[in-house]
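Data block below; observations after.
Labels below follow one simple rule: chain letters A, B, ... track the order of the sequence lines, proteins then strands, and each chain is numbered from 1.
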Amino acid sequence: MAISNVEIADIFTHLAELLEIQGYNAFKIIAYKNAAREIANLGSSVARMVEEGDDISKLPSIGNHIAEKIREIVKTGKLTQLETLQKKFPSHILDLLKVEGIGPKRAKILHDTLHINSLEELMRAAKEHKIRDLDGFSDKIEQKILDKTMFAKKIGKRFMYSVAEPHANAILDYMQKSKDILKVLVAGSFRRRKDTVGDLDMVATSKNPKKVIDYFVQYPDVKDIILHGDTRSTIILKSNIQVDFRCVQEDSYGSALHYFTGSRAHVLAIRKLAVQRDLKINEYGIFRGKQSISGSSEEDIYKTMGFSYIEPELRENRGELEASRKGELPHLINQEDMRGDLHMHTTYSDGQNSIEEMARAAMGFGYEYIAITDHSKHLSIVHGMDEKKLRTELDEIDRLNEKLKDITILKSIEVDILEDGSLAMSNSLLKELDLVVAGVHDKFNLSAKQQTKRILKAMENPYFTILAHPTGRLINQREAYSLDMELLFKETVQRGCFLEINSQPKRLDLNDIYAKIAKDLGVRFSISTDSHNERSLYYMKYGIYQARRGWIEKKNVINTLPLSELKEMLKR
DNA sequence: GCCGTTTTCGGCCCGACTGTTTTCAGTCG
């Protein structure tokens, strides 16, 4: 399997950080970081481009030097320059940078004078008061390091969107009660609906920022106050989520919101364009000389720079600026577009509610149809159905469709794709179903070649309809299994199958980057909840968020279709 | 190391907060 963009990007990030600690030219370091970001965001596989002889030095932020390094990485799987550096600096030294208050300069001093290379060694040195007398340190900084090192070790993970969400809503609610606040919003990756959130960024307007900040740090759920200035503050909640708060005057709201919504890559790209036009953009507005010419709303910012409004989910510098300028931005899908949910479980397998309970709950969402997709019987699935049990379930669905007039229950199954690519249910039964959702639930460690072959073999079955959670990743728990994604996407289109965007908060699989690649190759999707009880049907919104980040439109999604059209679509 | 609608050289996004700083370096986002 060729090396992934993320792995290549990581190599350049590590290279940049190690060079930074060594005190190399700052702009060279920025160049490596820019290259890393560009590669991580790229829609197509860099390794594949290299193998096919494309000129990667034409890519933004990639010149001849970095292109040569990339070719070395693709060819050998590693970068000699980085290996050499790592021999000099143990890999754990980069952990020091995760401690609040330690940047490259202080990390270098700690390494050079006290030979500190890990968080453990840092903590020991701080406890023994060896740090306070170093150049650039003090007893106060030493104490801060001691406090923060504990924290750095605990964290290091991003929070799932659904975990951050209630905290974001609660603190937003609290801030709205301040009488000094005019407007307030949660910006950052949360507003961009990213599947994981590193911290929460809040932006507010007020005539009296100081008062607002003082109110902010009194939030009852605060564990620690990191920073407490006149216009900004940073706190840590008891849940260990960091919240950055920024307060500006009302005529700067648009630019502040834009800046703190990010992404960094998106904002930097626009700032560069501004510089080319002799303008300056900061969080207070767009300036020509000292004259502010824009800033009160985001629409204003984009218009001044010659763009149509760009939805937060698209702001990743993945082509949205060019698309906006050309008037080719997608019309992103909305929750209201959904007419049904095509993946859910009942007590027939590992779900907690009956078919009727699930159907009635779905009616509450205004759905026209649902598909019941209980598990097939297989070693890895608890309470999976055999043929007899599925037959019983189908009979019950017939009775319920007679009884319930406002919703149609489609007959389906979540069938296992076995290691040899066959499906764990006989075709004589599968052909009676309206659709077949199939998924991989074991043998995650096959090689990319084997895993891809397994799934493509399964798709040869004429009753195969939708591939469930295509990469199997679980956020913060399990990596995606190795697959040749582009081949999978092309074959999916070729065979008239569909890919799922699974809305479970810990799955969100396909993710945004793959969804966009797949869409561009003509793949159509099902966005479904994989609900195991009636309460989780609302997960649909998380799947929609992920789809929007993947530039997905209503027309790309089959469960936005009216039932009659959906049925046509499901015929292979 | 990258990049170019005055440039193949000389720039590189921009500002707030902290510490102990009397004018700024380091860090962070």
Side-chain angles (χ1 to χ4, degrees), chain A residues 12 15-17 19-21 23-39 56-70 81 96-110 132 134-145 148 152 187-190 197-203 209-210 213 217 225-235 242-248 252 255-256 258-287 295 305-306 317:
Chain A
F12 283 107
L15 181 63
E17 286 176 337
L19 291 176
E20 203 170 11
I21 289 175
Y24 265 62
N25 177 300
F27 295 112
K28 188 188 265 200
I29 288 155
I30 288 173
Y32 285 132
K33 287 185 178 175
N34 286 343
R37 195 163 44 225
E38 209 52 64
I39 293 165
I56 51 172
S57 71
K58 291 281 193 311
L59 294 170
S61 301
I62 313 280
N64 287 330
H65 286 86
I66 291 183
E68 191 49 50
K69 291 185 201 299
I70 292 174
Q81 187 188 5
L96 300 185
L97 302 178
K98 289 179 190 155
V99 178
E100 173 104 30
I102 297 185
K105 299 279 189 332
R106 288 179 182 151
K108 180 166 181 358
I109 293 173
L110 290 167
R132 53 180 59 190
L134 298 175
D135 271 353
F137 292 83
S138 67
D139 51 350
K140 239 179 171 171
I141 294 175
E142 181 183 80
Q143 184 56 44
K144 200 171 154 186
I145 285 173
K148 303 303 171 196
S189 52
F190 183 80
V197 175
D199 57 16
L200 295 172
D201 297 287
M202 300 185 75
V203 179
K210 183 83 175 75
I213 297 295
V217 298
I225 299 170
I226 303 285
L227 205 124
H228 185 176
D230 291 342
T231 64
R232 68 186 294 179
S233 169
T234 296
I235 58 172
Q242 177 173 319
V243 188
D244 296 328
F245 194 94
R246 187 61 186 270
C247 196
V248 297
S252 295
S255 32
H258 182 255
Y259 177 53
F260 288 103
T261 295
S263 67
R264 207 173 148 75
H266 174 87
V267 170
L268 289 187
I270 293 186
R271 284 193 177 186
K272 271 189 185 166
L273 291 174
V275 170
Q276 285 171 16
R277 292 167 52 177
D278 267 338
L279 300 172
K280 185 178 79 172
I281 302 186
N282 57 28
E283 51 264 57
Y284 302 110
I286 301 182
F287 296 85
M305 292 303 299
N317 199 24

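In the set dC2(B), dC13(B), dG15(B), dC2(B) carries the atom at the smallest distance from any side-chain atom of Ala31(A).
For dG29(B), the base has a donor-acceptor partner in the side chain of Tyr259(A) [N/O atoms by modelled type, under 3.5 angstrom].
Shown here is Asn25(A), whose CG atom has more than 12 heavy atoms of other residues, nucleotides or ligands within 6.0 Å.
If you check every strand for non-hydrogen atoms under 4.0 Å, Asp230(A) touches sugar and phosphate atoms only. Contact annotation for Arg106(A): backbone-only contact, meaning every heavy-atom pair under 4.0 Å involves sugar-phosphate atoms and none involves a base. Across all strands shown, Ile66(A) has heavy atoms under 4.0 Å from sugar-phosphate atoms exclusively, and none from any base. Ser233(A) comes within contact range of no nucleotide atom at all, as no heavy-atom separation falls under 4.0 Å. Among the protein residues, Asn64(A) comes within range of the sugar-phosphate backbone only, with heavy atoms under 4.0 Å from sugar or phosphate atoms but none that close to a base.
The phosphate of dC17(B) (OP1 or OP2) has no side-chain N or O of His228(A) nearer than 4.0 angstrom.
Each of Lys140(A) and Arg232(A) was matched to the nucleotide of DNA chain B holding its nearest heavy atom; the match closer to the 5' end belongs to Arg232(A). In terms of position along DNA chain B, the nucleotide closest to Ser61(A) lies nearer the 5' end than the nucleotide closest to the other residue of the pair Ser61(A) and Lys105(A).
The two residues Ser61(A) and Glu38(A) have their closest heavy-atom pair at OG-OE1, 4.0 Å.
Searching all strands for a Watson-Crick or G-U wobble partner of dT8(B) with both distances below 3.5 Å returns nothing.
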